[in-house]
There are 2 protein chains.
Amino acid sequence: MAKAQPNADARRQRRGGAELRTAILQAASEIFLEEGYQGASIEAVIEKVGGSKRAIYSHFGGKKELFAALVAEASSTVIGQTSPENIEGKGVSDTLRMFGLQATRVLMAPTTLGLYRAVIAEGMRQPDVAQAFFENGPGRASKGLAQVLEQFQARGAISIKDSQRAAERFIGMLRDDVHLQVVLGLRAPLSEAEIAESVEQAVGVFMHGIAAPPS
Amino acid sequence: MAKAQPNADARRQRRGGAELRTAILQAASEIFLEEGYQGASIEAVIEKVGGSKRAIYSHFGGKKELFAALVAEASSTVIGQTSPENIEGKGVSDTLRMFGLQATRVLMAPTTLGLYRAVIAEGMRQPDVAQAFFENGPGRASKGLAQVLEQFQARGAISIKDSQRAAERFIGMLRDDVHLQVVLGLRAPLSEAEIAESVEQAVGVFMHGIAAPPS
DNA sequence: GTCTATATTGCGATAGAC
DNA sequence: GTCTATCGCAATATAGAC
């Protein structure tokens with residue numbers, strides 16, 4: 001009478017230590033990022049993995065540590081997809097567009113959305129988790145973009161005082177009300193076409209602003 | 001042996017129905033916005049109000065309904081502070097600056113931060129709460145700004161295709177990584193001086209972009 | 001006060017590696 | 001066989017909705 005059928009081979013095969021650890025992390029991700037830290041139950045994780053509760057405690061120590069491990073891992077994995085581009089021979093707009101597309105896709109991915117929700121909910125109570133998330137996630141992305149902007153600045157292609165701040169503004173535009181609505185579950189994540197359109201508009205504003213050109 | 005000392009007069013005074021309701025909402029705000037929906041306990045709210053246990057259930061029905069009521073109320077109250085400005089005789093930059101200052105102050109207020117955390121955490125599980133928050137909060141703010149932008153557009157002061165989208169971008173810039181860090185508890189809310197500086201920079205980018213002027 | 005959920009721990013049984 | 005990781009299950013304890 002198994003409620004949710006665990007992986008069929010989970011019970012009969014014996015997995016090596018590291019393998020079980022990975023399996024637990026994977027299952028825990030799904031549960032924690034969907035239910036939130038407080039809403040998640042160790043029991044549910046076990047059911048998914050097919051092991052015993054004891055395994056979790058011997059591997060991680062407790063619920064908190066499991067959550068921390070999971071966030072650190074997921075933050076790094078997800079954000080690796082928003083790396084600074086090779087900008088040889090590219091213009092500012094093209095570079096921003098490419099970065100924007102990557103970043104927005106990441107922002108719309110289910111894992112990222114779950115991370116967002118879970119970490120924001122628990123940030124005040126688990127500062128180390130919040131720290132790990134920010135540094136490996138949004139922080140790294142904005143630093144990467146800032147570096148790129150600095151190169152353009154050195155070439156005289158753009159005119160900014162603070163490249164870090166500028167990068168954060170651009171990313172802020174990508175994380176606007178539409179993103180908030182997706183985070184809140186009020187609308188579906190953007191399609192690839194909608195992402196392209198959104199990024200296009202953001203690049204336009206970021207490059208030239210909204211002021212009417214002197215006619 | 002009261003742990004947290006309830007309001008001294010809470011116990012001895014008998015309050016009218018509406019008054020009690022307000023008192024409960026007030027206490028619930030403090031608890032829920034600090035601990036999050038799942039972390040909050042009805043017991044704690046009762047202790048703070050000092051009333052009888054049944055009061056909450058007869059007034060609101062249950063934990064969920066209390067949370068919903070509280071979010072609806074707080075969203076409206078807080079966001080009322082970011083109303084569309086009277087822009088008679090003002091320029092675009094000045095208007096954006098004023099709006100930006102108001103909005104950023106709201107964004108940095110403890111109540112707003114608590115709302116953010118709690119609603120984002122629960123959004124997927126309580127769609128009506130998410131909806132109420134967004135409509136009364138961020139949604140209303142961006143609509144207000146969009147209307148103002150449209151007036152400027154009509155005058156030819158700015159050049160945009162979609163005023164709603166543009167408004168969301170500006171607000172997005174205000175809700176950038178710095179705001180995220182505050183939400184996560186990784187840094188203290190901005191001081192008034194820092195807010196002014198931040199808004200100034202955002203207005204600059206939004207108005208003219210970062211492209212180097214053709215020399 | 002009742003009842004349910006759930007984190008945590010203890011401990012003996014067991015399966016595979018060597 | 002020994003060893004180590006894991007399992008399965010029971011017991012404890014606490015919290016919290018109603």
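Note on naming: letters A, B, ... go to the chains in the order of the sequence lines (proteins, then strands), and numbering restarts at 1 for each one. Just so it is clear, the structure is predicted and the values come from calculations on it, not from any experiment.
Atoms CD1 and CD1, from B:Ile46 and B:Ile24 in turn, are 8.5 Å apart once rounded to the nearest 0.5 Å.
Separating the OH atom of A:Tyr57 from the P atom of C:dT6 is a distance of 12 Å, rounded to the nearest angstrom. Whole-Å rounding puts the B:Glu47 CD to D:dG16 P distance at 11 Å. Between the CG atom of A:Leu20 and the P atom of C:dG16 there is a distance of 14 Å, given to the nearest Å. Across the protein-nucleic acid pair, A:Phe60 atom CZ and C:dT9 atom P stand 16 Å apart, rounded to whole Å. Atom C1' of nucleotide D:dA17 and atom CZ of B:Phe67 are separated by 16 Å, given to the nearest angstrom. The CD1-P distance, from A:Ile46 to C:dA7, rounds to 11 Å in whole Å. Atoms CD1 (A:Ile56) and P (C:dT6) sit 14 Å apart, rounded to a whole Å. Taking atom CD on A:Glu43 and atom C1' on C:dT4, their separation rounds to 13 Å, with Å as the unit.
Between B:Ser142 and B:Gly139, the closest heavy-atom pair is OG-O, 3.1 Å. Of all non-hydrogen atoms in A:Ala196 and A:Leu101, the two that sit nearest each other are CA-CD2, 3.8 Å.
Contact check of residues 27-42 of chain B against DNA chain D (heavy atom, cut-off under 4.0 Å) returns B:Ala40, B:Ser41, B:Ile42.
Between A:His59 and D:dA5 there is no side-chain N or O to OP1 or OP2 distance below 4.0 Å.
The backbone N or O of B:Met173 lies less than 3.5 Å from a partner atom in the side chain of A:Arg169, making a donor-acceptor pair.
Residue pairs meeting the salt bridge (Lys or Arg N to Asp or Glu O under 4.0 Å) criterion with at least one member in residues 53-67 of chain A, sequence neighbours excluded, are A:Glu43-A:Lys53.
For the 3.5 Å distance criterion, the side chains of A:Gln201 and A:Ser198 fail to qualify, holding no donor opposite an acceptor.
Of the two residues contacting DNA chain D, namely A:Ala55 and B:Lys63, the nearest-nucleotide position lying further toward the 5' end is that of A:Ala55.
One can find a donor-acceptor pair under 3.5 Å joining the base of C:dG10 and the side-chain atoms of A:Arg54.
Taking the six-membered ring for Trp and thresholds of 30 and 60 degrees, B:Phe67 and B:Tyr37 have ring planes inclined between 30 and 60 degrees apart.
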